[in-house]
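So the structure is just underneath, and the comments pick up after that.
The structure presented is a predicted model; accordingly, all values stated were derived computationally and were not measured. Every chain is numbered from 1 and lettered A, B, ... according to where its sequence line falls, protein lines coming before strand lines.
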Amino acid sequence: MTIKLYNTKTRQKEVFKPLVDGKASMYVCGPTVYERAHLGNARPVLVFDMLYRLLRHEYGAKNVKYVRNFTDVDDKINARAAETGRPISEITDETIQWFLDDMGELGALEPTDMPRATQYIAPMIAMIEDLIAKGHAYAAEGHVLFKVRSYKDYGKLSGRSVDDMIAGARVEVAPYKEDPMDFVLWKPSSDDLPGWDGPVVGGKSIGRGRPGWHIECSAMAYELLGDTFDIHGGGNDLTFPHHENEIAQSKCAGHNFANVWMHNEMLQVEGKKMSKSLGNFFTVRDLLEDGVPGEVIRFVMLSTHYRKPMDWTEKKRQEAEKTLRKWMDITTGLEPSEPSSFSIRPPLKMALSDDLNTHKALTYLNSTLSADPQALLDHARFLGLLSDEAREQHNTAYLKSRAGGGSSEMLASLAAKLDGARRHAKASKDYSEVDRLKKLLVEAGVEVQMSSDNVALIATSSFDPSKLESLK
RNA sequence: GGCGAGUUGGCGGAGUGGUUACGCAGCGGAUUGCAAAUCCGUGUACAGGAGUUCGAUUCUCCUACUCGCCUCCA
């Protein structure tokens with residue numbers, strides 16, 4: 001199957017041709033670890049998780065190398081340490097685990113390699129020294145700066161020119177910079193900040209310091225993926241300056257670097273940028289604790305194409321929940337097929353192979369495969385949905401987070417009570433008690449389903465057990 | 001100021017140079033004590049203007065508007 005991917009570098013969809021036949025490699029910029037991942041952080045994770053799944057399917061799991069870094073040295077982390085008084089390593093270790101836990105709940109597979117920046121200081125320094133030696137970087141006042149003018153294609157990825165940007169005047173001017181656009185490869189650290197012996201310039205170390213932000217990705221990609229690799233991904237806010245700088249560094253160091261550049265669009269919340277000042281900022285964990293299953297978050301994310309802004313809305317959350325519940329119901333009792341014993345149907349594969357058209361894939365599942373429960377289950381699992389855990393928790397997931405473990409029992413007893421009242425009513429023709437119970441349940445966020453001989457109560461995500469106290 | 005993306009029916013959201021997805025909501029019906037859930041059926045659309053074309057929602061240009069990035073932020 002031909003896979004087509006949109007390459008930011010050429011601004012068009014291209015047929016993906018891996019460097020080495022039958023193998024694929026990709027590098028995705030990971031998080032800076034100082035606090036819980038917000039919902040926006042989840043988007044690239046899920047987008048590239050889908051790409052990873054597609055590539056694994058196409059080339060075999062053993063033939064895909066997926067590197068995603070953790071930035072564990074950064075001024076935001078230092079600031080967090082200073083304000084909390086906690087050791088930096090404690091903060092970064094904790095945040096990394098949070099990140100893995102949260103993304104795991106969204107059904108994201110772990111990359112094959114998850115390097116931490118602090119483990120690659122030596123390669124970064126070597127690269128910086130090499131750049132200085134080749135005349136692309138210079139030392140000044142304890143800093144090492146990259147000489148942007150020395151890379152002729154600077155700005156090509158993001159479609160900017162150095163002169164225009166300087167005219168736009170939104171660049172940090174610092175006395176030690178030869179040119180306002182030059183960016184930091186290395187900067188000095190005071191004693192209270194993390195630091196390492198710096199690059200050697202003119203025979204002696206420039207002094208204790210820490211790397212600038214951009215160099216880590218260039219160094220780690222080179223160490224783990226080599227001179228050239230297939231795909232480099234990240235959010236489109238990274239296109240400039242981060243990725244532009246990565247390219248400049250790597251190219252000037254003589255590396256070929258990435259062939260295909262992929263960028264996901266940003267996430268919004270109810271039509272607006274998610275930001276703390278607007279009060280619409282929340283983390284993945286916030287949502288999970290609020291009773292939104294990870295599957296629902298994943299579904300909503302996959303329902304918008306990755307190159308379009310993704311608007312997280314309450315309505316979408318509800319629709320996703322509803323659709324997933326339908327799928328859960330349809331596939332109840334079925335066992336997923338062994339991955340080796342079923343093949344992905346062409347329409348699904350074609351959708352994903354066309355620049356990751358996940359929305360189309362979901363549409364195919366919902367409109368066509370819903371008539372074939374086994375196929376629905378198998379294909380949904382390929383997309384990372386309908387996992388064992390999610391199916392198991394299908395009826396209780398919302399309850400657990402909302403009201404502790406006892407809620408499902410509570411609903412079971414209420415269902416029995418309602419069923420009893422209904423049997424009486426069928427004989428007496430007086431349905432007032434049944435209607436009263438039903439009304440209370442609906443008001444408390446419970447969906448009431450009565451078939452001819454059965455009563456089922458299903459908690460929705462707005463279920464509020466406290467409203468049912470009077471019925472106990 | 002620079003760069004980029006986008007504007008599709010009530011809403012979400014694909015896609016295509018000619019036959020107009022899909023989901024949700026709505027409406028009609030089946031079912032139900034009434035509902036819910038489920039099933040069946042059903043309507044409405046391609047921001048505005050100009051151009052290319054036998055023909056454009058789909059290509060080109062212009063205008064308007066929206067959003068994002070350029071600043072720590074995926």
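- A donor-acceptor pair shorter than 3.5 Å can be found between the side chains of A:Ser250 and A:Ser218.
- Rounded to whole Å, the separation between the C1' atoms of B:G43 and B:U7 comes to 24 Å.
- A donor atom on one side chain and an acceptor atom on the other are found under 3.5 Å apart for A:Gln97 and A:Asp101.
- The separation between A:Met310 atom CE and B:G12 atom C1' is 11 Å, rounded to whole Å.
- With 3.5 Å as the limit, one finds a donor-acceptor pair spanning the side chains of A:Arg116 and A:Thr92.
- When the P atom is used for both B:A47 and B:U8, the distance is 7 Å, rounded to whole Å.
- Here the nucleotide nearest the side chain of A:Asn236, chosen from B:A74, B:G4, B:G68, is B:G68.
- Ionic pairing of A:Arg149 and A:Glu178 is not present here: no N-O contact between side-chain nitrogen and carboxylate oxygen is shorter than 4.0 angstrom.
- Of the two residues near RNA chain B, A:Gly234 and A:Asp311, the one whose nearest nucleotide lies more 5' is A:Asp311.
- Between the C1' atoms of B:U66 and B:U60, the separation comes to 23 Å (whole Å).
- The separation between A:Arg160 atom CZ and B:G2 atom P is 13 Å, rounded to whole Å.
- Picking from B:C72, B:A74, B:A14 the nucleotide with the shortest atom distance to the side chain of A:Lys76 gives B:C72.
- Atom CG in A:Leu365 sits roughly 16 Å away from atom C1' in B:G13 (whole-Å rounding).
- Closest to the side chain of A:Lys315, from the set B:C73, B:C22, B:C11, is B:C11.
- To the nearest 0.5 angstrom, A:Phe229 atom CZ is 4.5 Å from A:Phe257 atom CZ.
- When all heavy atoms of A:Pro373 and A:Thr331 are compared, the closest pair comes out as O-CG2, 3.5 Å.
- The strand RNA chain B forms stems, runs of 3 or more Watson-Crick or G-U wobble pairs with distances below 3.5 Å, at B:1-7 with B:64-70, B:10-12 with B:22-24, B:26-30 with B:38-42, B:47-51 with B:59-63.
- Side-chain contact annotation: A:Asp435 with A:Ser432, donor-acceptor N/O pair under 3.5 Å absent.
- Cation-pi geometry between A:Arg307 and A:Tyr6 is met: under 6.0 angstrom from the ring centre, within 45 degrees of the axis.
- Comparing the C1' positions of B:G6 and B:U58 gives a spacing of 16 Å, expressed to the nearest Å.
- Comparing B:C34, B:A74, B:U7 by their closest approach to the side chain of A:Lys308 singles out B:U7.
- Using a 4.0 Å heavy-atom distance criterion, A:Asn41 is classed as a base contact.
- Comparing B:A14, B:A74, B:G33 by their nearest atom to the side chain of A:His359 picks out B:A14.
- Residue contacts for A:Val434: at a heavy-atom cut-off of 4.0 Å it reaches a base atom on one of the strands shown.
- A search for salt bridge (Lys or Arg N to Asp or Glu O under 4.0 Å) contacts involving A:Asp102 returns A:Arg36, A:Arg285, not counting sequence neighbours.
- In this structure, A:Phe240 reaches the sugar-phosphate backbone alone: every heavy-atom distance under 4.0 Å involves primed, P, OP1 or OP2 atoms, never a base.
- With B:C34, B:G13, B:C67 as the candidates, the nucleotide lying closest to the side chain of A:Gln268 is B:C67.
- Rounded to whole Å, the separation between the C1' atoms of B:G1 and B:C54 comes to 46 Å.
- Closest to the side chain of A:Thr32, out of B:A74, B:G68, B:C70, is B:A74.
- Along RNA chain B, the nucleotide nearest to A:Asp435 and the one nearest to A:Pro31 differ in position, and the one closer to the 5' end is contacted by A:Asp435.
- In this structure, of B:C34, B:A74, B:C22, it is B:A74 that holds the atom nearest to the side chain of A:Pro44.
- For the 3.5 Å distance criterion, the side chains of A:Ser190 and A:Asp192 qualify, holding a donor opposite an acceptor.
- Using a 4.0 Å heavy-atom distance criterion, A:Leu267 is classed as a base contact.
- Taking atom P on both B:G55 and B:G13, the two are 34 Å apart, rounded to the nearest angstrom.
- Donor-acceptor pairing under 3.5 Å is lacking for the side chains of A:Asn78 and A:Tyr34.
- Residue contacts for A:Gly40: at a heavy-atom cut-off of 4.0 Å it reaches a base atom on one of the strands shown.
- The separation of B:C69 from B:C39, taken at their C1' atoms, amounts to 48 Å, rounded to a whole angstrom.
- Distances were taken from every side-chain heavy atom of A:Asn357 (C-beta onward) to each of B:C73, B:C22, B:G15; the shortest belongs to B:G15.
- Taking atom CH2 of A:Trp312 as the reference point, atom P of B:C11 lies 22 Å away to the nearest angstrom.
- Not a single donor-acceptor pair, N or O on each side, falls under 3.5 Å between the base of B:A14 and the side chain of A:His305.
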Nucleotide by nucleotide, nucleotides 35-42 of chain B touches protein heavy atoms under 4.0 Å in the pattern (B base, S sugar-phosphate only, - none) BBS-----
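- Whole-Å rounding puts the A:Lys429 NZ to B:C34 P distance at 10 Å.
- Which of B:C22, B:C73, B:A14 sits closest to the side chain of A:Asp237 comes down to B:C73.
- Atom CZ of A:Arg307 is separated from atom P of B:G13 by 15 Å (rounded to the nearest Å).
- Comparing B:A37 with B:A30, their C1' atoms are spaced 14 Å from each other, to the whole Å.
- Under 3.5 Å, the side chains of A:Asp75 and A:Trp213 contain no donor-acceptor pair of N or O atoms.
- Protein atom NE2 of A:His243 is 15 Å distant from nucleotide atom C1' of B:C70, rounded to whole Å.
- Regarding A:Met274, its CE atom lies at a distance of 12 Å from the P atom of B:C69, rounded to whole Å.
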